[in-house]
Amino acid sequence: MTSRDRDIDHLQGHWLLARLGKKVLRPGGRKMTEWILDQARLTDARVVELAPGLGITAGEILNRAPSSYVGVDEDADAARTSSGIVSDRGRVIEGKAQATGLDDDSADAVVGEAMLTMQGDKGKAAILDEARRILAPGGRYAIHELALTPDDIDAASKDEIRLAMSKSIRVNARPLTVAEWRRLLEDHGFVVEQIRTAEMGLLKPSQLIDDEGPAGVARIMGNMIKLPAARRRVLGMRKVFVEHDDALASIGIVARIPDRSDIAGDGPTARNATPRRPDIEFLDEGQKAELPADPDSLSFHDVVESAPPAQDGDGPAVRRLQTADGVNLISMRFRAGQALPDHRAAHPITVQCLQGQVRFSVGDRTETLTPGRVAHLPAMVPHRVDADEDSVFLLSMLT
């Protein structure tokens, strides 16, 4: 009997939602999926997708024109479903993510979503080792998973969240913090290139509409009305997600296998060498000739001059200065006494007070920021800002 044939009360959460008509079953929705696929550079690449499920991501991968596509799913029904999406543009085989049966170095990119979270430590390790085995040197590994925040969340809270989720979705969910996801990949020989976090919006109305469209949401709601047992399950899942919303996030990571450009010295192979990624690389005359500097790539802002005029009310005036590669620059002008109450950002941030003085608070810790001081905060960590005097504040959101 397959997972989708089980009684509703015992059905795994993702298959329950699929039975109700939900197509996008990822914690960060379509937006996070599209981001990891874009960062993984799939055009003309040999792509392997682990656990393609309903085939939604397979379709997105194929839209990026890979040179080949192979999906690997151990669920026979899922393999048949995704095969229908893939058709003659690739192939889907039955197999385990831990043991695909594919050749060494046979892929340029491996994609996996919402599946490592459902594994214990040994399962995660086995899948990472398999992804590393089938990837060629320089190959990319793109994942979209569930994360816990902040990085220093205590063990008791982790256990409480994991237990509540496991009871609700009928899967032994084992999400990690952002730092733990990074360390896991690095411990298995990957070089982490990109990380993005966002809210865990699987059952939030705004993400439901973005992912499924109004007609899709109406179809899901109609099916929930027809199936009271399913409705109770979904409402129970949503209750858990809401109760732990501050600690749950979606995460996308793109990492790669080291190649010879990462080797310092003459190691035998890139796969066994220590990665080397200099933060600053000084160019010789030949490199300067090959890599001419483009003056138009430089952007410049006088943040104090560009800050918006002060406004009345409790909060500051806000102006986005630039959306650029890897960063959004946002200027704020506070009157004395104005504040940004408790909030959190979907990306890591740095903050600077360029004029005046503000207090930056995280939990019971408060630091005074004056011109010359810079603070950094990981994604999804609640914080607040209070202006002690008229101030200009620069927020850099590291996207």
Side-chain angles (χ1 to χ4, degrees), residues 13 26-28 32-33 35-36 39-40 50-51 97-98 110-132 135 140-169 171-202 240-241 243-258 274-275 277 344-349 362-363 365 376-383 398-399:
R26 315 307 192 194
M32 186 65 82
T33 294
W35 182 82
I36 66 167
Q39 302 308 309
L50 303 178
Q98 302 92 323
V110 172
V111 177
E113 295 188 282
M115 43 97 71
L116 287 172
T117 298
M118 305 308 174
Q119 303 287 330
D121 293 342
K122 290 183 178 179
K124 287 181 173 71
I127 293 170
L128 287 170
D129 287 342
E130 179 70 355
R132 192 171 192 274
L135 277 167
R140 284 84 62 195
Y141 184 30
I143 65 172
H144 173 183
E145 297 291 342
L146 186 64
L148 297 174
T149 62
D151 283 339
D152 60 356
I153 186 172
D154 62 272
S157 296
K158 285 183 183 179
D159 290 342
E160 178 186 350
I161 294 168
R162 288 167 175 167
L163 180 60
M165 290 192 63
S166 296
K167 288 181 176 179
S168 173
I169 65 177
V171 181
N172 186 24
R174 301 285 295 178
L176 304 177
T177 66
V178 176
E180 288 169 341
W181 279 118
R182 174 189 283 274
R183 187 163 58 248
L184 178 68
L185 285 159
E186 291 176 341
D187 286 348
H188 287 266
F190 290 91
V191 177
V192 175
E193 290 190 323
Q194 303 263 11
I195 296 179
R196 171 174 284 192
T197 57
E199 67 178 4
M200 204 294 275
L202 184 64
V240 171
F241 297 161
E243 286 177 351
H244 299 287
D245 184 57
D246 287 346
L248 293 174
S250 62
I251 185 169
I253 304 179
V254 178
R256 64 180 168 83
I257 297 294
T274 300
R277 293 182 66 198
R344 60 182 182 171
H347 305 283
I349 60 173
V362 179
R365 179 180 178 182
H376 171 269
L377 195 67
M380 307 300 286
V381 177
H383 58 282
L398 310 177
T399 59

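Just so it is clear, the structure is predicted and the values come from calculations on it, not from any experiment.
Between the T177 side chain and the T149 main chain, no donor and acceptor come within less than 3.5 Å of each other. The closest donor-acceptor contact from the side chain of T117 to the backbone of A173 lies at 3.5 Å or more, if one exists at all. A donor-acceptor pair is defined here as one N or O able to donate and one able to accept, closer than 3.5 Å; no such pair exists between the side chain of E145 and the backbone of S250. Not one N or O on the side chain of R196 forms a donor-acceptor pair closer than 3.5 Å with the backbone of W35. At distances below 3.5 Å, at least one donor-acceptor pair connects side-chain atoms of S166 with backbone N or O atoms of R162. At least one donor-acceptor pair closer than 3.5 Å links the side chain of K124 to the backbone N or O of R174.
Looking only at side-chain heavy atoms (C-beta outward), E113 and M32 stay at 4.5 Å or farther from each other. Contact annotation: the side chain of L184 never approaches that of E180 to less than 4.5 Å [non-hydrogen atoms, C-beta and beyond]. M165 places a side-chain heavy atom less than 4.5 Å from the side chain of L248. Within the 4.5 Å cutoff, side-chain heavy atoms of F190 are placed close to those of L135. Between V192 and E186 the shortest side-chain heavy-atom distance falls below 4.5 Å. Put simply, the side chain of I251 reaches to within 4.5 Å of the side chain of I195, judged on heavy atoms.
R132 and H188 make their closest contact through CD-O, 2.8 Å (heavy atoms, listed as atom of the first residue, atom of the second, distance). Annotation for I161 and H244: closest pair CG1-ND1, 3.4 Å, computed over non-hydrogen atoms.
In this structure, the separation between CG on L377 and NE2 on H383 is 6.0 Å, given to the nearest 0.5 Å. With values rounded to the nearest 0.5 angstrom, N172 atom CG is found 9.5 Å from M118 atom CE. Interatomic distance, I253 CD1 to T197 OG1, rounded to the nearest 0.5 Å: 10.0 Å. Rounding to the nearest 0.5 angstrom, the gap separating the NZ atom in K122 from the CD atom in Q98 is 13.0 Å. Between the CG atom of L128 and the CG atom of D187 there is a distance of 10.0 Å, given to the nearest 0.5 Å.
Annotation: D154, atom CG; neighbour count of heavy atoms from other residues, nucleotides and ligands within 6.0 Å is above 12.
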